Structure formats: C-alpha cells, structure tokens
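Remember, predicted model here, so these are calculated numbers, not experimental data.
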Amino acid sequence: MKKNNYLVSIILILLVSNTIWAQEDSEEPKSNDDIAKELSNPNTTLGTMAFPIDVVFYNGDLPDANKQTGSLLNFQPSLPIPLSPGVNLFVRPLVPIYLSQPTFEANGFEQKGVNLGNISADVAVGKTFPSKLIGIVGVFGSFRTASDKALRSNYNLLGPELMVAQIFDWGVLGIMFNHAWSLNSIDADVTSSTVLPDDFYTSTAGRKETASITAGQYFYVYNLSKGWQITGQPTFSYNHKAAKGNKFTFPVGTGVNKITRFGKMPIKLSMQYWYYVASPDSFGPQHQIRLQIAPVVPLPW
C-alpha cells in the first residue's frame, strides 16, 4: 500500500461529494454556523466521511521509548439512519492505516511502515429528548485485522456502549463509555508491547490471557462565530488485566473546529492537542496531535 493511494482516495471522495452537493436543490442553504452546531450534536442526522490523522509522541521505561513517534490515518464514515423524530441508528466503522508505528522487538524498537490496522466499529441508537439531553446505546467491537503481525491486536473484543450528552445554548458537553471483553484467549508473549489505534494498551503476564477493557471519550464544544468552535474529544482507557502501572491511559486536550466549503460541499476541519496525564509505564503516548478533515456528505435516504 502507498500513502499516495490514500491521498487520491480522499480527493476522489471530495470530488464525488461536491458533485452531489452541486446537484442538490436547496432554497435556503444552511450557514456554516448552523452546520457546525449540527455536527456538534452526537445525534445529528448529517452524514460525514471523517479522516482523523494522529501524530503520537511516546514515552516509557523501555529503552529509547521517549524517542519514538507514530502516525496514523483513520477513515470513519458516519451515515445516520433516521428511525423516528429524534431517534437515529448509527453504524460507524473505524478503519485505521498505520503510516508509521514503533513496535518493541527483541532487538529494540523498530518502525513499521504503511499497514492496515485493527478495524473497529460500533452500532448504536441515539435519542434526543425535549430537554436536549441525548442518550445513545449500542455495541462496540474491535477485530484483529492488522496486516502486520507486530501491529495486530491479541484479541477480538466486543461489549456494550453508552453515551450521554447535553446540548446547551453555548455548545455541547458529553461523555461516552464502552466496556469490551475478549472473544478469544491467547498464550501471552512476555516480550510483546502492543499499541492499538483506539488507545487500548495490552500487557501480558506469561500465561493464557483474556482482556477486559473499559474505554471512552469525553467531549465538549463551545460555539464561536463564522463556523469556528473550541472543542476537545480525548479518548481514555482502563485495561483491567494489564500489569500494574500499565492499566490507565488518560489525556487532557483542546483544539478548534472550522466549517469551510469545497465548492458547495461543507467540510469540517479540526486540530487538537492532547497531553497524557496517565499512560502505561512501559510504553505509551505522552503527546498527541490530531488533525481531521470531515466532508459533510448527502445521505442516500
């Protein structure tokens, strides 16, 4: 796989989506501010093709851990299906592509090139109440799909998902949790240190292991003007069966969103910085920069 192939794919999606938007008849097109507010709603009916790009700077007790960086391109489409007024069905796959990723081998750290990562997805139903309280319940799964064995998760994971958010005049505040159990067990490799794109850090203990991981995301959006927003969407995790000192991963972060246009097609641009106040002692992230481009696409229904 080549990096240029992914760039070409993004450009093609932009061109096709813009063509569809150009064919749409809209007497009163929505302003950038209106679209920004709608996209900040976790139960939005707007469809997006999001491309988050993460650059991660690592630290830890392993030799040269503080010299390691990795970069990751994700593809996460979200095409909500309205079931009734205020109730929507979401099916959201997350396809990660490692552009570069350090792995700890017998001779120390090695950089892996472009590879498919471990694909995850959630299926959920969201409801918006008259008080503008939002509840979403669903199922989360993560699967061992990485094309390089060193990047492949030890486990297939599955479990419930819950999100609660409140829409205010100034913006949105919310939190999401999921808990996943492994669908398989493995004979642990005491030399392994696996870093997954969804911030699940697995640590082995030299015996047949299973996984039990609580993860989530807290998020906030503060609306400004002209399509600008202050935002943060850091993800965290707690690996119940990891070794001591390697269980908890928690960042604090902030950034900005901006709605702009590619022709008639709205595009959400985002940049965030996360600092990890808790990270696995052996090897984990210290700083993370997330850039995102998310075209807003017309829904086929």
Side-chain angles (χ1 to χ4, degrees), residues 6 9-10 13-14 16-17 35-36 38-54 72-84 86-98 116-128 134-146 153 156-165 167 172 174-181 183 196-200 213-221 231-237 257 266-270 272 290-301:
Y6 304 116
S9 298
I10 293 173
I13 289 174
L14 291 175
V16 171
S17 298
I35 291 174
E38 285 195 39
L39 288 177
S40 67
N41 179 353
N43 196 32
T44 180
T45 55
L46 293 180
T48 56
M49 295 284 182
F51 295 89
I53 302 170
D54 292 312
L72 181 71
L73 168 66
N74 295 285
F75 173 53
Q76 187 172 38
S78 179
L79 305 175
I81 302 173
L83 301 178
S84 63
V87 180
N88 301 298
L89 172 67
F90 298 91
V91 180
R92 293 175 290 208
L94 178 64
V95 182
I97 303 295
Y98 289 104
L116 174 68
N118 301 291
I119 296 173
S120 60
D122 67 336
V123 180
V125 174
K127 180 176 175 60
T128 301
I134 297 169
I136 294 179
V137 255
V139 177
F140 167 85
S142 178
F143 310 99
R144 305 175 67 246
T145 57
S153 169
N156 292 311
L157 301 166
L158 187 67
E161 180 177 77
L162 172 66
M163 192 217 72
V164 177
I167 298 177
V172 178
I175 191 166
M176 183 274 290
F177 287 100
N178 63 57
H179 186 89
W181 293 274
L183 301 178
L196 306 185
D198 48 14
D199 292 330
F200 290 170
I213 300 169
T214 302
Q217 180 183 61
Y218 65 91
F219 54 92
Y220 60 88
V221 177
T231 187
Q233 299 170 309
T235 59
F236 56 87
S237 67
N257 293 331
I267 297 178
K268 178 181 177 181
L269 302 177
S270 179
Q272 296 183 46
R290 168 163 288 189
L291 306 174
Q292 179 174 272
I293 178 171
V296 180
V297 296
L299 297 176
W301 43 80

K.L.:
Hey, is the main chain of E38 close enough, under 3.5 Å, to the side chain of T44 for a donor-acceptor pair?
P.N.:
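Pair found, side chain donor or acceptor close to backbone of E38.
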
K.L.:
Going by heavy atoms in the side chains, are L39 and V296 under 4.5 Å from each other?
P.N.:
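Yes, side chains in contact.
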
K.L.:
Between Q217 and Q233, is there a donor-acceptor pair closer than 3.5 Å when you use the side chain of the first and the backbone of the second?
P.N.:
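Yes.
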
K.L.:
Can you tell me if T145 uses its side chain to pair, donor with acceptor, with the backbone of G117 under 3.5 Å?
P.N.:
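Between the backbone of G117 and the side chain of T145 there is a qualifying donor-acceptor contact (under 3.5 Å).
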
K.L.:
Measure from the side-chain N and O atoms of N118 to the backbone N and O of S153, and report whether any donor-acceptor pair falls under 3.5 Å.
P.N.:
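Yes; at least one donor-acceptor contact below 3.5 Å.
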
K.L.:
Determine the minimum heavy-atom distance between I175 and M163, stating which atoms define it.
P.N.:
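What the structure gives for the nearest pair is O-CG, 3.3 Å.
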
K.L.:
Before you tell me yes or no, could you show the steps for N41 and V172 under side-chain contact (heavy atoms from CB on, under 4.5 Å), namely the whole-Å CA-CA distance, both residues' side-chain angles and the distance that decides it to 0.1 Å?
P.N.:
CA-CA 7 Å; N41 179 353; V172 178; 5.6 Å; no

K.L.:
I need the Q76 CD to R92 CZ distance, nearest 0.5 Å.
P.N.:
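That separation rounds to 7.0 Å.
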
K.L.:
To the nearest 0.5 Å, what is the distance between OH on Y98 and CG on L73?
P.N.:
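If I round to the nearest 0.5 Å, the distance is 12.5 Å.
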
K.L.:
To the nearest 0.5 Å, how far apart are CG in L89 and CD1 in I81?
P.N.:
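The CG atom of L89 sits 5.0 Å away from the CD1 atom of I81.
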
K.L.:
Between T231 (side chain only) and Y220 (backbone N and O only), is there a donor and an acceptor less than 3.5 Å apart?
P.N.:
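Indeed, once roles are kept as given, a pair shorter than 3.5 Å links the two residues.
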
K.L.:
side-chain contact (heavy atoms from CB on, under 4.5 Å) between L157 and I213: does it pass, once the steps are laid out?
P.N.:
CA-CA 9 Å; L157 301 166; I213 300 169; 4.3 Å; yes

K.L.:
What is the distance from atom NE2 of H179 to atom OG1 of T214, rounded to the nearest 0.5 Å?
P.N.:
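Between H179 NE2 and T214 OG1, I get 4.5 Å after rounding to 0.5 Å.
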
K.L.:
Verify side-chain contact (heavy atoms from CB on, under 4.5 Å) between V95 and L116, making sure each step is shown before the conclusion.
P.N.:
CA-CA 8 Å; V95 182; L116 174 68; 3.9 Å; yes

K.L.:
Please name the pair of heavy atoms, one in L79 and one in W301, separated by the smallest distance, quoted to 0.1 Å.
P.N.:
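That closest heavy-atom pairing would be O-CZ2, 3.4 Å.
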
K.L.:
Quick one: does any side-chain atom of R290 pair with a main-chain N or O of D54 as donor and acceptor, under 3.5 Å?
P.N.:
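It does not hold such a pair.
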
K.L.:
Are L269 and L291 packed together at the side-chain level, in the sense that at least one heavy-atom pair is separated by less than 4.5 angstrom?
P.N.:
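Not in contact.
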
K.L.:
How close do P77 and P93 get, heavy atom to heavy atom, and via which atoms?
P.N.:
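Reported closest heavy-atom pair: CD-O, 3.6 Å.
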
K.L.:
Would you find a donor on one side and an acceptor on the other, under 3.5 Å apart, between the side chain of N257 and the backbone of S270?
P.N.:
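Flag not set: sc N257 to bb S270 has no pair under 3.5 Å.
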
K.L.:
Looking only at heavy atoms, what is the nearest atom pair of I119 and P96, with distance?
P.N.:
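Taking every non-hydrogen atom into account, CA-CD, 4.0 Å.
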
K.L.:
Provide the closest heavy-atom pair for I134 versus P42 in the form atom of the first, atom of the second, distance.
P.N.:
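Reported closest heavy-atom pair: CD1-CD, 3.7 Å.
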
K.L.:
What I'd like to find out is whether the side chain of L158 reaches to under 4.5 Å of the side chain of V139, using heavy atoms alone.
P.N.:
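Of all side-chain heavy-atom pairs linking V139 with L158, at least one is under 4.5 Å.
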
K.L.:
Counting only N and O atoms by type, is there a donor-acceptor contact under 3.5 Å from the side chain of N43 to the main-chain atoms of I136?
P.N.:
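No; judged by distance alone, with no hydrogens or angles, the pair does not exist.
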
K.L.:
Which atom pair, heavy atoms only, marks the closest approach of F236 to Y218?
P.N.:
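Closest approach of F236 to Y218, heavy atoms only: CE2-N, 3.9 Å.
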
K.L.:
Roughly how far, to the nearest 0.5 Å, is the CZ atom of F140 from the OG atom of S120?
P.N.:
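Atom-to-atom, S120:OG and F140:CZ are 4.5 Å apart.
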
K.L.:
Nearest 0.5 angstrom please: L94 CG to N74 CG, how far?
P.N.:
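Rounded to the nearest 0.5 Å, the CG-CG separation comes to 4.5 Å.
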
